[in-house]
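What follows is a single structure, written as structure tokens, with notes after it.
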Amino acid sequence: MKFRYVLLIFLFFAVVSCVSAETFVPNEGIFAFREVETFEINGINFTVPSDYNITGHNNTGIDFRNSHDNLSISVSKHTNVKKVKSDRSKNITAGKTMLGSAEGYLVDNNGTYTFSYTLDDKLVIITSKDMSLMIGIIEKN
């Protein structure tokens with residue numbers, strides 16, 4: 001009888017660990033030879049390096065942190081992506097651009113980048129200080 005309970009508990013934890021994220025090491029691209037995990041947020045997949053730890057999450061987004069950077073990814077129901085007006089006093093600039101495979105608006109706020117774009121009729125917002133990281137996590141079409 002104890003064996004059954006131990007087996008059930010083991011299977012439960014095995015299933016939970018498999019569902020949360022998939023770890024792999026790509027051999028090409030921005031994250032080549034770097035361990036990464038795939039996360040799904042509202043039906044859209046994002047590839048994040050494993051050295052970024054989850055610091056918060058809810059139904060529409062996940063926040064990550066490593067020793068040098070914070071990363072925030074949110075996916076919400078479709079709304080219009082609009083250009084953010086430049087604010088020279090805060091050194092904020094915005095412009096429509098291609099980042100990876102997505103076209104949207106990139107805002108540079110003193111070295112912290114925010115990229116907003118639509119995918120599958122959903123608004124995706126990614127914020128980080130590392131632009132190459134942002135390019136790497138965007139889902140490939």
Side-chain angles (χ1 to χ4, degrees), residues 2-141:
K2 286 184 179 181
F3 177 74
R4 288 184 185 174
Y5 288 119
V6 171
L7 182 61
L8 285 173
I9 291 171
F10 174 77
L11 289 174
F12 172 76
F13 284 112
V15 169
V16 168
S17 66
C18 291
V19 170
S20 62
E22 176 187 343
T23 303
F24 62 99
V25 179
N27 57 11
E28 58 185 51
I30 291 177
F31 298 139
F33 307 107
R34 194 170 172 190
E35 189 174 276
V36 295
E37 295 181 62
T38 300
F39 294 91
E40 181 182 290
I41 305 171
N42 279 342
I44 299 176
N45 292 327
F46 299 93
T47 303
V48 178
S50 295
D51 59 341
Y52 279 79
N53 299 312
I54 296 175
T55 58
H57 62 85
N58 58 34
N59 293 338
T60 60
I62 302 177
D63 294 325
F64 300 89
R65 176 156 180 73
N66 78 356
S67 59
H68 306 292
D69 189 21
N70 291 325
L71 169 66
S72 177
I73 306 170
S74 68
V75 179
S76 58
K77 292 181 181 178
H78 178 70
T79 58
N80 292 331
V81 180
K82 297 180 180 176
K83 180 178 179 180
V84 178
K85 293 183 179 178
S86 296
D87 183 347
R88 294 189 186 276
S89 65
K90 293 184 180 176
N91 223 4
I92 298 174
T93 58
K96 193 165 192 172
T97 188
M98 287 292 290
L99 197 59
S101 61
E103 182 177 14
Y105 287 99
L106 180 66
V107 177
D108 177 0
N109 185 359
N110 292 323
T112 299
Y113 303 100
T114 301
F115 185 64
S116 306
Y117 66 99
T118 57
L119 180 64
D120 297 337
D121 216 22
K122 297 174 185 170
L123 175 64
V124 178
I125 301 172
I126 302 171
T127 303
S128 175
K129 291 182 179 180
D130 186 349
M131 192 174 300
S132 64
L133 170 76
M134 294 171 69
I135 293 169
I137 65 172
I138 294 173
E139 182 180 66
K140 310 301 182 270
N141 291 337

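Computed from heavy atoms alone, side chains included, the values below leave out hydrogens, waters and symmetry copies.
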State yes or no: are the ring centers of Phe115 and Tyr117 separated by less than 6.0 Å?
-> yes

If you compare all heavy atoms of [X] against all heavy atoms of [Y], which two are closest, and at what distance to 0.1 Å?
X      : Y      : result
Met134 : Ile138 : O-CG1, 3.2 Å
Asp63  : Ser72  : OD1-OG, 2.9 Å
Ser116 : Ile125 : OG-CG1, 3.8 Å

Would you say the side chains of Asn53 and Arg65 form a donor-acceptor pair under 3.5 Å?
-> no

For Ser74 and Thr60, indicate whether the former's side chain and the latter's backbone hold a donor-acceptor pair under 3.5 Å.
-> no

Spacing of [X] atom [atom1] and [Y] atom [atom2] [to the nearest 0.5 Å]:
X      : Y      : atom1 : atom2 : value
Thr112 : Asn70  : OG1   : CG    : 8.5 Å
Asn45  : Leu119 : CG    : CG    : 10.0 Å
Glu103 : Thr118 : CD    : OG1   : 9.0 Å
Leu99  : Ile135 : CG    : CD1   : 4.5 Å
Ile137 : Thr47  : CD1   : OG1   : 8.5 Å
Asp108 : Tyr113 : CG    : OH    : 4.5 Å

Is any side-chain heavy atom of Ile62 closer than 4.5 Å to a side-chain heavy atom of Val48?
-> no

Applying side chain to side chain contact (heavy atoms under 4.5 Å, CB included), name anything that partners Asp69, two or more places apart in sequence or on another chain.
-> Tyr52, Asn66, Ser128, Lys129, Asp130, Leu133

Give the C-alpha distance, both sets of side-chain angles, the deciding distance and a yes or no for side-chain contact (heavy atoms from CB on, under 4.5 Å) between Phe64 and Phe46.
-> CA-CA 12 Å; Phe64 300 89; Phe46 299 93; over 6 Å; no

More than 12 heavy atoms of other residues, nucleotides or ligands under 6.0 Å from CG of Asn58: is that the case?
-> yes

